[in-house]
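So the structure is just underneath, and the comments pick up after that.
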Amino acid sequence: MTESSVNKLLNGDSCRRTSNGLKTSKNGFVKNHCLLQQPHKYRRPRDKNPNVPHNPSLYKKPFVESFEETPLMVAVLTYMGYGILTIFGYLRDFLRQWNIEKRHIARERDEQKDFVPLYQDFENFYNRNLYIRIRDNWNRPVCSVPGPKMDLIERSTPNYNWTFEYTGRVLKDVLNLGSYNYLGFAENKGPCADAAIEATQAYGVGVGSTRCEMGNLDIHEELEQLVARFLGVESSMAFGMGFATNSMNIPALTGKGCLILSDELNHASLVLGARLSSSTIRVFKHNNMQSLEKLLRDAIVHGQPRTHRPWKKILIVVEGIYSMEGSIVRLPEIIALKKHYKAYLYLDEAHSIGALGPNGKGVVDYFGLDPKDVDIMMGTFTKSFGAAGGYIGGKKELIDYLRCHSHSAVYATSMSPPVAQQIITSMKIIMGEDGTTLGADRLRQLHENTTYFRRKLHDMGLIIYGNEDSPVIPMMLYMPAKIGAFGRQMLKKNIGIVGVGFPATPIIESRARFCVSAAHTREMLNTVTRTKFPRIQSNYSPIQRALTEE
């Protein structure tokens with residue numbers, strides 16, 4: 001993971017950093033509370049570092065992100081909590097070994113002890129002794145449309161979360177703050193649902209073939225032309241699975257002798273795609289332009305290891321919105337570096353497309369940049385569009401190449417027609433081509449809900465992460481026991497949230513993650529803000545808060 005980010009911002013403004021005596025470890029994230037291009041009465045002098053790009057004109061609007069350092073006492077108690085859980089885990093494993101405590105997991109038979117083990121016992125220690133305690137907070141069965149509210153099937157466990165049984169009861173109207181339904185298109189009625197029903201009647205549900213054979217329908221061609229027009233690029237290609245869009249297309253774009261520079265917080269699909277490509281991978285600190293530029297410069301100066309030949313291709317891989325942090329990529333600076341060092345840029349807009357920008361066109365639209373400056377524009381339809389699958393947009397030569405060389409294009413079954421129609425209808429609504437203002441209204445409502453909810457959580461004294469315009473809002477819990485307790489208490493209040501802990505986050509930065517939707521009403525959000533949360537004392541003094549909120 002990352003160390004603390006640079007103390008000074010690359011566009012000229014200061015970062016106001018908290019200091020509580022806790023040194024940031026290699027598992028830490030960016031720990032700065034940054035206000036970009038904001039007028040302040042007081043600024044600390046900037047360090048003179050020639051390696052830092054300095055161009056305030058790259059940003060046309062304020063760029064505000066907050067990442068508060070973990071309080072020292074909370075960090076100590078969190079480590080103590082994991083230590084106690086680990087000690088009791090070894091004790092329980094000892095009791096299981098002597099059959100004093102019943103084993104609920106699969107294990108090797110005694111007759112097979114001389115064979116290569118199928119189950120790595122030690123590797124499952126965390127799942128067996130820590131995750132199992134809070135397992136009831138995940139995989140809850142949903143039995144309705146996952147819109148602003150949803151219905152959950154109630155479960156009970158007779159053996160402390162090892163197995164679950166259905167009680168026959170349904171929890172009605174649970175407030176959904178966990179789905180990526182940013183624009184509220186995940187619904188079973190309305191223009192999108194009606195259009196999907198018509199497509200089902202005309203084409204059926206499944207295609208049963210790849211695009212290269214008998215699975216290329218006219219609705220797929222219409223979708224790809226619409227996506228290209230929506231993104232402002234020459235051409236695009238749609239895929240049936242968002243994860244495979246990254247993991248199967250990156251290997252088609254780079255290979256041996258190529259260099260991938262990846263943000264350390266990139267999604268698992270990007271990491272897998274980079275590894276499958278056989279390219280050399282180097283990781284830069286999250287949103288840290290100093291770290292990225294150093295890697296770019298070293299790559300050009302030194303070339304490939306041992307031979308020192310120039311790299312065949314240098315590909316920078318970043319995301320629009322990082323789903324665990326709620327941060328937005330500093331795209332203007334990355335594009336400036338990419339142009340200066342003649343590299344290529346791969347932008348994953350899974351969470352930003354439809355959720356950012358005045359026209360809902362993602363992080364490129366959010367910063368007012370030219371789409372042609374991004375070489376590979378990737379995104380998914382699983383979030384803002386309420387559908388499934390992904391896309392890649394760019395130059396026509398790029399898309400024509402992928403149609404012949406991408407495993408996801410050649411071997412995967414093509415997208416289901418009703419899913420394609422759902423995307424087409426929702427995208428046209430966002431673009432305003434349906435003749436209504438529904439798309440613009442939803443974009444405005446999402447922005448208002450995001451601003452309102454973040455402000456209310458901040459006023460409650462809670463520590464939240466991310467950019468002020470990000471609909472992904474992580475709220476810090478820190479301690480392992482709070483993950484399960486918080487999720488259960490929220491469900492009792494008919495609120496469904498997502499808890500995230502180690503190893504998905506650093507060990508001392510467990511959190512609850514809220515995802516705001518345009519379908520949420522002010523009253524729904526007030527239901528959450530009226531809840532009494534566990535309070536964590538902030539690192540900021542009243543004077544520091546006054547400065548940063550100025």
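We number each residue from 1, following the sequence as shown. Quick note: numbers below take in every heavy atom, side chains included, and nothing from hydrogens, waters or symmetry partners.
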### Task
Compute both the distance and the angle, then confirm whether Arg511 meets the cation-pi test with Phe486: under 6.0 Å from the six-membered ring centre, within 45 degrees of the axis.
no
Are the side chain of [X] and the backbone N or O of [Y] linked by a donor-acceptor pair below 3.5 Å?
X	Y	answer
Ser384	Ile353	yes
Arg133	Asn161	no
Asn287	Arg330	yes
Arg454	Tyr465	yes
Ser291	Phe284	no
Thr451	His447	yes
Asn494	Lys172	yes
Glu65	Ile328	yes
Glu293	Leu337	no
His520	Asn176	yes

Quick check for you: to the nearest 0.5 Å, what is the distance between [X] atom [atom1] and [Y] atom [atom2]?
X	Y	atom1	atom2	result
His340	Ile335	NE2	CD1	15.5 Å
Lys482	Ser510	NZ	OG	11.0 Å
Leu175	Met524	CG	CE	6.5 Å
Thr86	Tyr79	OG1	OH	12.5 Å
Cys143	Asp151	SG	CG	5.0 Å
Asn246	Ile392	CG	CD1	7.0 Å

### Query
Looking at Phe453 versus Phe514, is the centre-to-centre ring distance below 6.0 Å?
yes
### Centroid-centroid under 6.0 Å between Phe385 and Phe185 rings
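No, ring centres 6.0 Å or more apart.
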### Query
Partners of Asp375 by salt bridge (Lys or Arg N to Asp or Glu O under 4.0 Å), sequence neighbours excluded?
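Once residues adjacent in sequence are excluded, the partners of Asp375 under the salt bridge (Lys or Arg N to Asp or Glu O under 4.0 Å) criterion are Lys338.
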### Any residue meeting salt bridge (Lys or Arg N to Asp or Glu O under 4.0 Å) with Lys361, in chain and number order, not counting sequence neighbours
none
Would you tell me whether [X] and [Y] have side-chain atoms, one donor and one acceptor, within less than 3.5 Å of each other?
X	Y	answer
Gln445	Asn449	yes
Asn181	Ser179	no
Ser323	His267	no

### Query
Is there a side chain to side chain contact (heavy atoms under 4.5 Å, CB included) between Leu446 and Arg442 once you walk through the steps?
CA-CA 6 Å; Leu446 174 62; Arg442 294 199 182 197; over 6 Å; no
Taking all non-hydrogen atoms of both residues, which atom of [X] and which atom of [Y] are closest, and how far apart?
X	Y	answer
Leu491	Leu152	CD1-CD1, 3.7 Å
Ile508	Tyr478	O-CD2, 3.0 Å
Tyr346	Leu270	CE2-CD2, 3.7 Å

### Candidate pair Glu433 and Lys428, rule salt bridge (Lys or Arg N to Asp or Glu O under 4.0 Å), full reasoning
CA-CA 5 Å; Glu433 294 186 0; Lys428 286 184 177 180; 5.3 Å; no
#### Entry: Steps toward side chain to side chain contact (heavy atoms under 4.5 Å, CB included) verdict (Glu319, Asn266)
CA-CA 7 Å; Glu319 294 187 51; Asn266 276 343; 3.7 Å; yes
### Message
Salt bridge check, Lys456 against Asp459: does any charged N sit closer than 4.0 Å to a carboxylate O?
### Response
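Result for this pair is no, no salt bridge flagged.
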### Query
Less than 4.0 Å between a side-chain N and a carboxylate O, is that true for Asp136 and Arg488?
yes
### Task
Could you tell me whether the side chain of Ile497 reaches within less than 4.5 Å of the side chain of Asn137, counting heavy atoms only?
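In short, these two side chains do not touch, never coming nearer than 4.5 Å.
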### Query
Considering only heavy atoms from C-beta outward, does the side chain of Tyr322 approach that of Ser327 to under 4.5 Å?
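Side-chain contact under 4.5 Å: yes.
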### Task
Check step by step if side chain to side chain contact (heavy atoms under 4.5 Å, CB included) holds for Ile334 and Ile316.
CA-CA 9 Å; Ile334 291 181; Ile316 304 171; 4.3 Å; yes
### Query
Taking it one step at a time, do Ile495 and Val528 satisfy side chain to side chain contact (heavy atoms under 4.5 Å, CB included)?
CA-CA 8 Å; Ile495 301 173; Val528 183; 4.0 Å; yes
